[in-house]
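What follows is a short report on a single structure.
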Protein chains: 2
Amino acid sequence: MQDDLEVVREAGDRDGLLDRIRRLVLGGDFPPGAVVPEAFLAQEFDVSRTPIREALKQLQHEGLVEIRPKVGTFVREPTRREIIELFQLKESLEGLAASLLARRGDVQELSVLRRNLEESEMASLTHDTDAYARLVHEFHWTIVRGSDNRKLVEHYERLMNQLAYQRLVLRTVEHPGRLEASTREHRAVLDMIEHKDPFGAESAMRNHVHASSREALTDPAPDRRN
Amino acid sequence: MQDDLEVVREAGDRDGLLDRIRRLVLGGDFPPGAVVPEAFLAQEFDVSRTPIREALKQLQHEGLVEIRPKVGTFVREPTRREIIELFQLKESLEGLAASLLARRGDVQELSVLRRNLEESEMASLTHDTDAYARLVHEFHWTIVRGSDNRKLVEHYERLMNQLAYQRLVLRTVEHPGRLEASTREHRAVLDMIEHKDPFGAESAMRNHVHASSREALTDPAPDRRN
DNA sequence: AAAGCCTATGTTGCATGCATCAGGGGCGTC
DNA sequence: GACGCCCCTGATGCATGCAACATAGGCTTT
């Protein structure tokens, strides 16, 4: 049930080098805006600069870093505007995913989602926000994977990488009352999927994402620099 | 009004090398499934293999080629299933774009779209399918760009690259009666946008994409190998 | 003749070296 | 003291060379 997506190694990806560097960047080990010298990464991963450069170029393509020619590679922090744009996309893609899953009506996914929802309610009651954030993450991913549309999964993955989801989800979860509302919305989505109502599922999911995005974009940790 | 998107050169992209190789691959100059040796491209573009490799890795990431480690780079032809998946995404993304444009109600884009629609009707009457295909292409791109959501544009671009649009659009256009129906659907979309009705615009656009995708996936040039 | 091994070849994967250039700091000038 | 010029440093961008490996084809063996 864990991230067994993308088990396939990219060509020549020395033991998943791309993934490791991506985690380094996403993990916030580097302050956003900081430079990430190729030589440092090369030494860090004990390879030459060549494969490092290839990986960095991919990360640039993914929008995670910015490579300023002849200057260096910088960790890219999405602007507020980009976050809004990404949430609009998220709403659309997850809506599609919910719709497709509802149409398929796959029992396998449904039981996973039901179980997830139960655990979420538990975490909600005990106010275990960490567990809750993790469960939300799994809930959404399960639905996206359940769409059985690999291209959708790929695009969603790119999207989520750029959103640096973890922090934002935590923000959302910390809003008073949001946690309970979120759970209700999840249940609504699951209901619609169980009723095999693609349109309703899409609508419910979009409502949910929209709501959570509004919370993610307000108050806690203002950080209005962008 | 031409593809002035992505004018910015990627870092170290020796004069748009990535774009040039992408065009080579998309242009069908290589038979799908054929190998594209790095050495050949290196000679072709008069650079060393290093920047070629970087570009090829990106193309793999875009899903346009497949790099089999230690074997070679192969032009990737989407399977029928992938085409279906991509059209589902297309429907969703263009629906979002239409919705956003309708909400913005930008006059600039509207006049472009009106003009495009007029020309389309001309091409429809004279059965100039080439011109029609080009106009359809512009119509959709104008709406996507008009969404004023750059991330959406980026994802759409990736999507369309994988769809090798040209061929499929031509297929669609060659369906009897489809050409007129397509024009009507375009008008419906534009109407909704002009009325600043996001929901209606999204719906109209999704209907249109869905219809055209159904045609694109049937009869002409069966090619059921996948 | 069929099957299996083995070598030959073409290609990739990566390390290394060098040219190039952006930016910073020091110096001189006004 | 402020401004501007110039060199210097550090990093990148790319070419090149070599090792490793997947595949094909022939050869041997049964």
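Just so it is clear, the model here is predicted, and its values are computed rather than measured. Letters go in sequence order (proteins before strands), and every chain restarts at 1.
Here B/E202 pairs with A/R206 in a salt bridge; the nearest charged N to carboxylate O distance falls below 4.0 Å. At a threshold of 4.0 Å, the pair B/R81-B/E85 counts as salt-bridged, since one of the basic side-chain nitrogens sits closer than that to a carboxylate oxygen. Between B/K57 and B/E38 there is no salt bridge, since no side-chain nitrogen of the basic residue lies less than 4.0 Å from a carboxylate oxygen of the acidic one.
Environment of CZ in B/R114: crowded, with over 12 heavy atoms of neighbouring residues, nucleotides or ligands closer than 6.0 Å.
Of the candidates C/dA15, D/dT23, C/dC14, the closest approach to any side-chain atom of B/R53 belongs to C/dC14. Proximity note for B/R49 (side chain, C-beta onward) versus D/dC14, C/dT11, C/dC14: the nearest is C/dC14.
Atoms CZ (A/F45) and C1' (C/dC14) sit 17 Å apart, rounded to a whole Å. One interatomic measurement links the two molecules: CZ of A/F74 to C1' of C/dA22, which rounds to 10 Å at whole-angstrom precision. If you take CG of A/L17 and P of C/dA15, they are 10 Å apart, rounded to a whole angstrom. Here C/dT16 presents its C1' atom at 16 Å from CD of A/Q43, a figure rounded to the nearest Å. Between A/E54 atom CD and D/dA15 atom C1' the separation is 15 Å, expressed in whole Å. Remark: P of D/dC18 and CD of B/E38 are 18 Å apart, rounded to the nearest angstrom. If you measure from atom CD1 of A/I67 to atom C1' of D/dC14, you get 14 Å, rounded to the nearest angstrom. Between the NZ atom of A/K57 and the C1' atom of D/dC14 there is a distance of 11 Å, rounded to whole Å.
Along DNA chain C, the nucleotide nearest B/V71 and the nucleotide nearest A/T50 are compared for position; the residue whose nucleotide lies closer to the 5' end is B/V71.
Evaluation of atom-type donor-acceptor distances gives a pair under 3.5 Å for the side chain of B/K70 against the base of D/dA20.
Remark: A/R68 is not in phosphate contact with C/dA22, judged by side-chain N or O atoms under 4.0 Å from OP1 or OP2. A/S48 has a side-chain polar atom (N or O) that falls below the 4.0 Å cut-off from OP1 or OP2 of C/dA15.
Checked against ring-ring contact (aromatic ring centres under 6.0 Å, His included), A/F139 has the following partners two or more places apart in sequence or in another chain: A/H186.
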